Amino acid sequence: MKKLSVKIIALACCTSLLLSVAGCSTKSNGGGRRHDDETKPEGGRVTDPTYVTDPTDPTDPTSDPTSPTQNPGNYGDFIPTSDDLTYPDHVASFEEVHPVHQRGTVTGKDATDLLSQVEYDIMHHEINCYADVEIYFEHPENFGFDIQEATWGDFTGIDDYDEEKAYYQSQLDKLLTIDIESLKGDDLLCYEKLVYDCEESVYAYSYTAFEYYKMVFNYLVGPQSDILFILDVYSFDNVKDAENYIDLVKDLDRYFDQLCNFEEERVYYGFIASDNSYEEAAKSFDNLVEQKDDCFLYASFEERLDNIQDLSDSDRTRLISEHEKAMKEVMFPEFEECASRMRALKGSGGEDAGLCRYRGGDAYYAMLTRAITNSDATVEESIKALDDKLDSVYDDMMTIASTGVDWYDEYTNHVYSKGSLTDNLDFLNEAVKPDFPDIPAHGYYTMDVPEVFEENFSPAAYLGYHLDNFNDNLLIVNNSGVDDDFGVTVAHEAYPGHMFQSLYTRAHTTHPYMYLMYSTGYAEGWATYVENYSMKYFTEGGQRTNAMQLIQDESVLGLIASTRADYGINYENWSLTDCVDYFNELGFPVTEDDFRDFYTLLIMDPGYYAKYGMGYLWTQKTMDDMHAKYPNATDEQIHTAYLDSLTGTFDMINRNMDRILG
């Protein structure tokens with residue numbers, strides 16, 4: 001499974017496409033790890049990357065009657081894919097992936113030393129390129145990283161699956177020698193997360209078909225949609241930093257060639273997208289090429305050179321020239337090549353389909369959603385939870401509506417904002433203190449979204465840049481997206497949302513694995529929960545009113561319905577018409593034309609909404625359950641116990657909160 005640049009994954013979350021469906025929107029932050037929703041399959045065996053396939057040419061490998069695509073086995077109702085791949089024959093149960101283990105025998109300091117060694121080894125196995133290290137660390141040497149070559153990293157393909165599976169099994173075997181009863185505090189929490197993640201990785205590398213279910217260059221949220229913005233994030237402290245950055249620009253040629261190779265390999269194995277998806281992917285590269293002469297990165301590069309102390313005029317001139325040459329002679333020509341190679345895949349005879357249309361796709365989706373929602377729940381249990389939540393939200397809305405219309409003026413005229421990003425940050429930093437624990441002293445800096453990204457960028461985003469420095473928090477604002485609800489957006493991204501949680505987690509664990517190997521459902525669930533919670537700070541007197549409750553219910557309704565469609569498309573084979581009918585039945589008046597991009601997103605990026613919707617649902621359930629079990633606990637105590645439980649699964653979080661509050 002591809003070791004796609006972790007930073008690409010993180011920033012892809014930041015710049016994910018903002019889709020509005022009858023008032024439903026998403027906001028996202030940086031973060032991600034392999035086997036989660038942002039993981040995109042890579043190639044292993046590939047054809048000549050310069051080769052233009054022709055499905056009508058008998059010499060073309062995809063037209064060869066002995067090739068995997070043209071010689072299918074008995075697929076039943078599934079889309080024909082290669083018999084050369086391995087597929088699961090059923091959806092694995094939780095117990096199959098996470099069996100009960102015998103208690104280990106290693107105790108005391110030997111146990112904690114072994115835990116730290118496994119943690120170190122896995123971090124270095126997963127964070128293995130300059131592009132990631134420079135995003136994550138200000139001082140990578142303190143974590144044992146010394147990567148000299150400035151690249152975006154390499155990819156593992158199906159030829160490496162056995163080796164990768166064996167690696168994670170070996171790390172798991174080491175962990176299982178530890179006596180879990182001898183571990184306390186965050187050692188225990190890190191141990192539980194490492195064991196869980198290793199078991200998931202062992203399963204993920206058990207079937208080579210898992211490599212190919214998702215298109216990497218999907219035109220809505222593929223890496224091409226934010227690569228320029230990602231480059232804009234890097235800062236320069238010295239000449240070497242700037243030179244390494246130029247090397248990263250040059251390395252895009254190799255990096256995107258590998259992604260193109262993978263798309264061609266997907267066709268070879270029968271995982272073929274529609275002609276429209278390949279054409280739209282090509283157009284997304286066309287749009288990048290259009291920026292060749294006036295890209296914002298030219299000016300941004302020069303501005304970042306200003307941060308280098310004592311930079312000589314000759315070095316400045318040299319670096320600017322080398323950067324412009326790398327952009328115009330390497331990066332933009334590579335984007336042109338990518339457009340050409342995507343168009344060459346048209347005519348391959350594919351379609352855009354939910355995961356359940358493929359052999360083993362239901363098992364892959366179960367694995368995917370288990371990872372990105374941080375939950376042990378089965379797909380069926382998750383679907384029931386979504387349906388129950390929709391019923392509950394509707395009942396709540398009907399109850400409020402039946403009380404009269406006293407809420408109407410507040411509902412239609414509310415302003416949940418104090419103005420600018422800085423105004424809202426200053427306000428929320430103080431407002432949340434009675435309800436949430438203290439966070440360490442810290443700093444942040446802000447960045448305006450480049451104009452070229454404004455149309456498809458969330459109103460704001462958070463990036464934990466340099467996680468070893470509490471002062472290097474980056475808050476990104478899209479000035480075109482600032483509205484009367486901007487305050488709750490800031491709550492989601494900053495206080496008490498993503499930035500708050502990131503700072504707290506980093507300050508309350510000695511194990512960097514707990515914040516480097518991101519738990520998407522935990523992070524997005526928390527941020528969505530506190531976004532709704534923080535609305536009260538903007539009401540008169542901080543009161544929870546019927547109008548505020550209706551606004552929360554509307555937000556939750558759209559999110560849960562979108563998540564339900566995610567499961568419907570990828571697990572129950574919902575068509576576009578099925579989705580439109582479903583939303584219309586819920587009271588959202590949408591047409592197929594309105595819904596087409598949304599539907600395509602959930603096919604191209606299955607699990608996209610699951611991380612938000614299920615993350616929120618399980619977080620809210622945890623809060624409700626803890627208040628019911630411990631009625632004398634304050635909101636501040638509940639929130640502290642939740643955050644102190646760190647970034648494990650919700651089952652782990654609930655067990656640890658019981659230990660803290662009980």
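Predicted model, so just to flag it, every value in this text is computed and none were measured.
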Taking the side chain as every heavy atom from C-beta outward, state whether [X] and [Y] have any pair of such atoms under 4.5 Å apart.
X	Y	result
T647	N374	no
T545	Y411	no
M614	T369	no
W618	S382	yes
P459	D483	no
H508	D186	no
F436	V530	yes

Going from [atom1] on [X] to [atom2] on [Y], what distance comes out if it is rounded to the nearest 0.5 angstrom?
X	Y	atom1	atom2	answer
I127	F145	CD1	CZ	4.5 Å
I653	L189	CD1	CG	9.5 Å
L248	I227	CG	CD1	9.0 Å
F229	L297	CZ	CG	10.5 Å

Find out whether the Lys NZ or Arg CZ of R370 is both under 6.0 angstrom from the six-membered ring centre of Y196 and within 45° of the ring's axis. no
Can a cation-pi geometry be assigned to K611 and Y608, taking NZ or CZ under 6.0 Å from the six-membered ring centre and within 45° of the ring axis? yes
Parallel, tilted or perpendicular: which fits the ring planes of F538 and F427, with parallel below 30° and perpendicular above 60°? tilted
In terms of relative ring orientation, are Y298 and H323 parallel, tilted or perpendicular, with 30° and 60° separating the classes? perpendicular
Sequence neighbours excluded and cut-off under 3.5 Å, please list the side-chain donor-acceptor pairs for residues 397-408, or say none.
{"from": "T399", "atom 1": "OG1", "to": "D395", "atom 2": "O", "distance (Å)": "2.9"}
{"from": "S402", "atom 1": "OG", "to": "M398", "atom 2": "O", "distance (Å)": "3.4"}
{"from": "S402", "atom 1": "OG", "to": "T399", "atom 2": "O", "distance (Å)": "2.6"}
{"from": "T403", "atom 1": "OG1", "to": "I400", "atom 2": "O", "distance (Å)": "2.5"}
{"from": "W407", "atom 1": "NE1", "to": "G404", "atom 2": "O", "distance (Å)": "2.7"}

[X] and [Y]: side-chain donor and acceptor closer than 3.5 Å?
X	Y	value
Y445	N473	no
N469	E138	yes
S417	D484	no
T600	D597	no
T505	Q501	yes
D197	Y513	yes

Tell me if the aromatic rings of [X] and [Y] count as close, with their centers under 6.0 Å from one another.
X	Y	value
H498	Y504	no
Y529	H639	yes
W526	Y642	yes
Y245	F301	yes
Y465	F137	no

Can you list the steps and then say if N656 with L646 is a side-chain contact (heavy atoms from CB on, under 4.5 Å)? CA-CA 9 Å; N656 197 61; L646 302 179; over 6 Å; no
Does D438 have more than 12 heavy atoms from other residues, nucleotides or ligands lying within 6.0 Å of its CG? no
Heavy-atom nearest pair, S645 first then M657, reads OG-CG, 3.4 Å
Report the C-alpha distance between F598 and Y609 in whole Å, list the side-chain angles of each, state the deciding distance to 0.1 Å, and finish with yes or no for ring-ring contact (aromatic ring centres under 6.0 Å, His included). CA-CA 10 Å; F598 175 88; Y609 268 103; 5.4 Å; yes
Side chain to side chain donor-acceptor pair (under 3.5 Å) with D472: which residues, sequence neighbours excluded? H466
Sorted by chain and residue number, the side chain to side chain donor-acceptor pair (under 3.5 Å) partners of K536 (sequence neighbours excluded) come out as D435, Y533
Give every residue pair that meets the salt bridge (charged side-chain N to carboxylate O under 4.0 Å, His left out) criterion with at least one member in residues 622-639, sequence neighbours excluded. K621-D625, K629-D658
Please list all pairs passing the salt bridge (charged side-chain N to carboxylate O under 4.0 Å, His left out) test where one or both residues lie in residues 505-521, with sequence neighbours left out. none
Considering residues at least two apart in sequence or located in another chain, which fulfil the side-chain contact (heavy atoms from CB on, under 4.5 Å) criterion with H414? Y416, D485, I551
